Amino acid sequence: MQGKGKRTYHRGNVREDLLSAAEDILDTESLESITVRRLTSTIGVTPGNFYNHFENLNELLAHLGAKKLRAMSARTEAARNRHRKPILRLRAAAREFIHLAADQPQAYQLMFGHLVAALNQYPIYLDAAEDAFEASVNDLYGEPVYDRNDRKASHERCVHGYAMFALLNGLARDVIDGLVGFSSPEEIDQFTDAVLDSLLQGRAFRDLEHRLG
């Protein structure tokens, strides 16, 4: 029989259990609620044991952010693949992106929020982010125009891709912050289509040509 207060031996995979605990907290509470003490207490190891598996909390969050990015990419890719017509593929992926932000605001914050600068130093996060952006941009152009090994050339070739991400990221944040309210998922889809079309179909310039032309 164990003595009073003696910690039991953790029989799982500590690294994976820490990540799983972090994901549970992210999905049900908030990004700020993920702490080393909270995670180690949840799975039953000492805080010092955490550092046998991750150099710090940001490294764990980089792994979790990469996982969420790949899940997001799978969702948007599946949405695109339900259509053949390019504009419908882009609309479907954009809708899925905005719904993900609305449904999982804390995960969105992890992927694209205030921690991104810190997470960028971890290859696992960078690879997932590059893969997601590359898939989106190449589908927009219909050819492999994005080269992660030549950022300068990619910036020049992919300006519309950057514009599309900036547009959708801004809309996603407005949805998360409640700056634009919707009463149904269909309203989200309709508004997302309208915002995306203002870029892809040049509606913004046509509507404002009397001022900008």
Side-chain angles (χ1 to χ4, degrees), residues 16 19-20 22-28 31 60-113 115-116 119-120 122-148 154 157-177 180-201:
E16 292 305 315
L19 282 167
S20 179
E23 186 170 13
D24 287 344
I25 294 171
L26 186 71
D27 290 344
T28 59
L31 180 56
L60 178 144
L61 292 175
H63 282 262
L64 182 56
K67 179 179 179 180
K68 291 296 187 181
L69 278 167
R70 295 202 182 282
M72 177 203 72
S73 295
R75 282 179 54 168
T76 54
E77 183 69 14
R80 276 194 292 267
N81 289 340
R82 288 194 288 270
H83 304 277
R84 293 177 60 86
K85 190 174 180 181
I87 186 63
L88 297 182
R89 290 173 61 84
L90 293 168
R91 284 178 181 169
R95 289 178 174 188
E96 197 66 36
F97 185 85
I98 300 302
H99 280 292
L100 184 145
D103 296 342
Q104 301 179 37
Q106 293 301 310
Y108 192 90
Q109 276 295 100
L110 175 60
M111 290 185 288
F112 303 111
L115 281 172
V116 168
L119 301 185
N120 274 335
Y122 298 103
I124 190 169
Y125 174 84
L126 277 175
D127 286 345
E130 293 275 16
D131 287 346
F133 188 68
E134 182 177 30
S136 174
V137 169
N138 288 348
D139 191 69
L140 171 65
Y141 284 86
E143 57 181 316
V145 295
Y146 183 74
D147 181 359
R148 67 185 67 191
S154 290
R157 289 196 299 260
C158 305
V159 62
H160 303 310
Y162 287 104
M164 184 173 70
F165 174 75
L167 188 74
L168 293 178
N169 184 43
L171 177 56
R173 293 190 180 284
D174 286 348
V175 170
I176 290 172
D177 293 340
V180 285
F182 302 101
S183 60
S184 69
E186 290 74 24
E187 284 190 11
I188 293 179
D189 291 344
Q190 291 167 5
F191 192 71
T192 300
D193 288 352
V195 169
L196 189 65
D197 286 352
S198 73
L199 172 68
L200 298 179
Q201 299 184 3

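Only this structure's heavy atoms are used, side chains among them; waters, hydrogens and symmetry mates stay out. Please read all numbers here as calculations on a predicted model, not as lab measurements.
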Report summary line: By side chain to side chain donor-acceptor pair (under 3.5 Å), Q109 pairs with (sequence neighbours left out) R173
So which heavy atom on [X] is nearest to which on [Y], and how close?
X: L167; Y: V195; answer: CD2-O, 3.3 Å
X: R89; Y: D139; answer: NH2-OD1, 2.7 Å
X: I176; Y: A101; answer: CG1-O, 3.5 Å

How long is the gap from [atom1] on [X] to [atom2] on [Y], to the nearest 0.5 Å?
X: I98; Y: L171; atom1: CD1; atom2: CG; answer: 4.0 Å
X: L69; Y: L119; atom1: CG; atom2: CG; answer: 9.0 Å
X: M164; Y: N169; atom1: CE; atom2: CG; answer: 12.0 Å

Query - Pairs meeting criterion ring-ring contact (aromatic ring centres under 6.0 Å, His included) with involvement of residues 72-98, two or more places apart - result: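 Every pair satisfying ring-ring contact (aromatic ring centres under 6.0 Å, His included) with a residue in residues 72-98: F97-Y108, F97-F112.
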Which residues pass the side chain to side chain contact (heavy atoms under 4.5 Å, CB included) test with [X], not counting sequence neighbours?
X: A93; answer: T76, R80
X: S184; answer: E186, E187
X: D27; answer: E23, K68
X: V145; answer: V137, N138, Y141, E143, R157, C158

Query raised in the report: What residues form a ring-ring contact (aromatic ring centres under 6.0 Å, His included) with H99, not counting sequence neighbours?
Result: none
Student check: side-chain heavy atoms of [X] and [Y] closer than 4.5 Å:
X: L115; Y: L31; answer: yes
X: S136; Y: L140; answer: no
X: Y122; Y: L61; answer: no

Query - N/O donor-acceptor pair under 3.5 Å between N81 side chain and E77 backbone - result: yes
Query - Derivation and outcome, side-chain contact (heavy atoms from CB on, under 4.5 Å), residues D193 and R95 - result: CA-CA 8 Å; D193 288 352; R95 289 178 174 188; 2.6 Å; yes
What donor-acceptor contacts under 3.5 angstrom involve side-chain atoms of residues 124-134, with partners at least two apart or in another chain?
residue : atom : partner : partner atom : Å
Y125    : OH   : M111    : O            : 2.6
E130    : OE1  : Y146    : OH           : 2.5
E130    : OE2  : R151    : NH2          : 2.6
D131    : OD1  : R148    : NH1          : 3.2
D131    : OD1  : R148    : NH2          : 2.5
D131    : OD2  : R70     : NH1          : 2.9
D131    : OD2  : R70     : NH2          : 3.2
E134    : OE1  : R148    : NH2          : 2.8

Requested in this report: With sequence neighbours excluded, tell me which residues meet salt bridge (charged side-chain N to carboxylate O under 4.0 Å, His left out) with R91.
Outcome: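 Testing R91 for salt bridge (charged side-chain N to carboxylate O under 4.0 Å, His left out), a comparison that skips the adjacent residues, returns D197.
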Query raised in the report: Just wondering, more than 12 heavy atoms not from F191 lying within 6.0 Å of its CZ?
Result: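 Incorrect, the count does not exceed 12.
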